[in-house]
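Below is one structure, written out as structure tokens, with a few remarks after it.
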Amino acid sequence: MTVLVQRYLDEILAEHADNAEGVVADYIPELATVDPSSFGLSLEMTDGYVYESGDSAVEFSIQSISKPFTYALALDEVGQDAVDAKIGVEPSGEPFNEISVDDQTKKPKNAMINAGAIAAVSLVPGANPHERFSRLLDFYSVCAGRALDVDEDIYQSEKSAGSRNRAIAYMLQSFGVLDDDPDEVLDVYFRQCAIKVTSTDLACMASTLAGGGVNPRTGVRVASPAVVQRTLSVMMTCGMYDATGVWVTTVGMPAKSGVGGGIIAVLPSQLGIGVYSPPLGANGNSIRGVLACQSLSAQLGLHFLSVTRESRATIRATHDVADGVRIYELHGDLLFAGAEQALRIVEQDGDGVDVAILDLSRVDDINDVARRMLIGMREALNKVGKEGFLVDPDRRVIPADRANAAVYPTVEEAVAAARRP
Ligand code: GLU
């Protein structure tokens with residue numbers, strides 16, 4: 001239901017807008033000059049519908065959010081065995097730019113820290129750095145559904161301030177992880193960190209992962225489901241620097257953050273989130289970005305462990321009973337994504353339908369957010385010039401005290417109410 005979901009997003013942004021904690025990354029001068037008050041939040045459903053709030057059109061550098069995408073591309077291009085031979089899948093418990101490899105294997109611990117990300121770049125096929133980077137940029141662009149570009153100033157700065165990453169790359173070469181020239185690999189890595197995105201681009205990239213590797217806006221498959229599953233697994237355990245445990249317990253979605261202030265979060269088969277707010281906390285994650293995701297997860301019931309059953313229950317059948325009156329039969333379990341999609345279809349249905357009757361008799365289970373959305377359906381439909389009624393025979397779905405929701409025990413009674421002048 002578009003106005004209701006939009007309102008959730010706007011309220012979450014307003015709730016955290018005044019939080020001025022954190023500091024903008026300043027390891028390069030270009031990042032220190034961004035506007036710290038920028039705050040954008042975007043949500044893309046896996047059918048490609050997008051919600052945006054705040055500064056969702058402001059571009060910023062993707063930084064470490066590039067890492068899962070390069071990892072996915074490497075997995076897709078050279079296969080899991082070749083990637084696993086060079087990069088592990090264990091959380092490191094160390095800062096992202098630690099100059100270290102796993103004690104036993106002498107490989108980077110995972111692809112979400114710099115060492116693993118630099119190794120992942122080296123696995124992307126390309127005859128030279130230019131070709132390798134073009135492949136990466138094309139891949140990010142098909143994930144985002146538009147042609148992305150590099151912020152040249154940030155790239156130059158990353159390059160001139162890159163001693164630590166140089167130390168990592170040469171260490172990797174000495175351990176036999178990096179076969180190619182470290183400086184050439186680093187050049188591609190610095191460029192990938194400097195790619196410009198908006199929170200809406202990130203939501204689309206996240207939604208592409210949520211959809212198992214198909215960009216929901218363009219329908220283009222970018223990677224296989226197995227590659228996406230592997231990438232999301234590593235994001236889940238390693239994506240939020242050394243604050244991953246708090247993230248998983250309070251938000252509960254595979255995610256990746258970057259020092260540019262962006263975060264992506266992915267709820268498989270349901271939605272992708274992109275958020276932008278530059279001030280970072282001590283562990284390098286956007287402070288308001290994390291807070292916004294915590295609020296979204298709590299209010300919309302998005303923790304992946306709460307989504308235990310089929311959550312895309314939607315419209316089973318529709319019947320037209322009279323001029324402009326359409327009955328929609330819903331079934332299965334109703335959680336946020338299923339309710340959002342069903343109610344959006346009802347809201348946007350054309351063909352002269354101006355009265356919607358939602359038959360909830362076959363709904364098995366419903367969570368709080370889906371219930372609130374059904375209760376708010378009438379108000380939302382009124383805004384687009386439609387009327388809405390619910391059929392809930394034993395008031396299992398809509399509590400009896402919600403008089404404003406126009407709930408009837410049978411379809412016939414709802415139809416009669418719809419016909420009443
Ligand atoms: N360009 C940064 C680096 O490699 C990216 C860091 C990040 O976003 O975590 O140091």
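Whatever order the structure lists them in is the order used to number ligands and atoms, beginning at 1. Values below: all heavy atoms of this structure, side chains included; hydrogens, waters and symmetry mates excluded.
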At a 4.0 Å threshold, what atoms of ligand 1 neighbour a non-hydrogen atom of C193? 1 (N)

Looking only at side-chain N and O atoms, does D138 offer a donor or acceptor that is under 3.5 Å from a partner on S141? no

Give the atom numbers and elements of ligand 1 that come within less than 4.0 Å of a heavy atom of Y241. 7 (C), 8 (O), 9 (O)

Numbering the atoms of ligand 1 from 1, which are under 4.0 Å from a heavy atom of Q63? 1 (N), 2 (C), 5 (C), 8 (O)

Pair R217-E44, salt bridge (charged side-chain N to carboxylate O under 4.0 Å, His left out): steps then yes or no: CA-CA 9 Å; R217 255 184 259 168; E44 181 160 335; 2.5 Å; yes

Presence of salt bridge, R344 and D47, under 4.0 angstrom: yes

With heavy-atom distances below 4.0 Å as the criterion, list the atoms of ligand 1 near E158. 1 (N), 2 (C)

Which atom pair, heavy atoms only, marks the closest approach of V369 to L300? CG1-O, 3.4 Å

Short version for S64: what comes under 4.0 Å of ligand 1, heavy atoms counted, is both

Audit row: R132, E184, salt bridge (charged side-chain N to carboxylate O under 4.0 Å, His left out) steps and yes/no: CA-CA 10 Å; R132 186 172 269 161; E184 290 193 357; over 6 Å; no

So if I count the atoms of ligand 1 from 1 in the order they appear, which ones are less than 4.0 Å from some heavy atom of G258? 8 (O)

Hey, is ligand 1 close enough to V259 that some N/O pair sits below 3.5 Å? yes

How far is atom 4 (O) of ligand 1 from the closest protein heavy atom, and which atom is that? Y189 OH, 2.7 Å

Answer with side chain, backbone, both or neither: which part of N97 has a heavy atom less than 4.0 angstrom from an atom of ligand 1? neither

Can a salt bridge be assigned to the pair R372 and D368 using a cut-off of 4.0 Å between side-chain N and carboxylate O? no

Could you tell me, atom by atom, which parts of ligand 1 come under 4.0 Å of a heavy atom of N165? 3 (C), 4 (O), 10 (O)

Do we get R378 above F389's six-membered ring, with its NZ or CZ under 6.0 Å from the centre and within 45° of the axis? yes

Look at atom 10 (O) of ligand 1 and say which protein heavy atom is nearest, naming residue and atom and giving the distance to 0.1 Å. N114 ND2, 3.4 Å

Taking side chain as C-beta onward, heavy atoms only, is F69 less than 4.5 Å from C143? yes

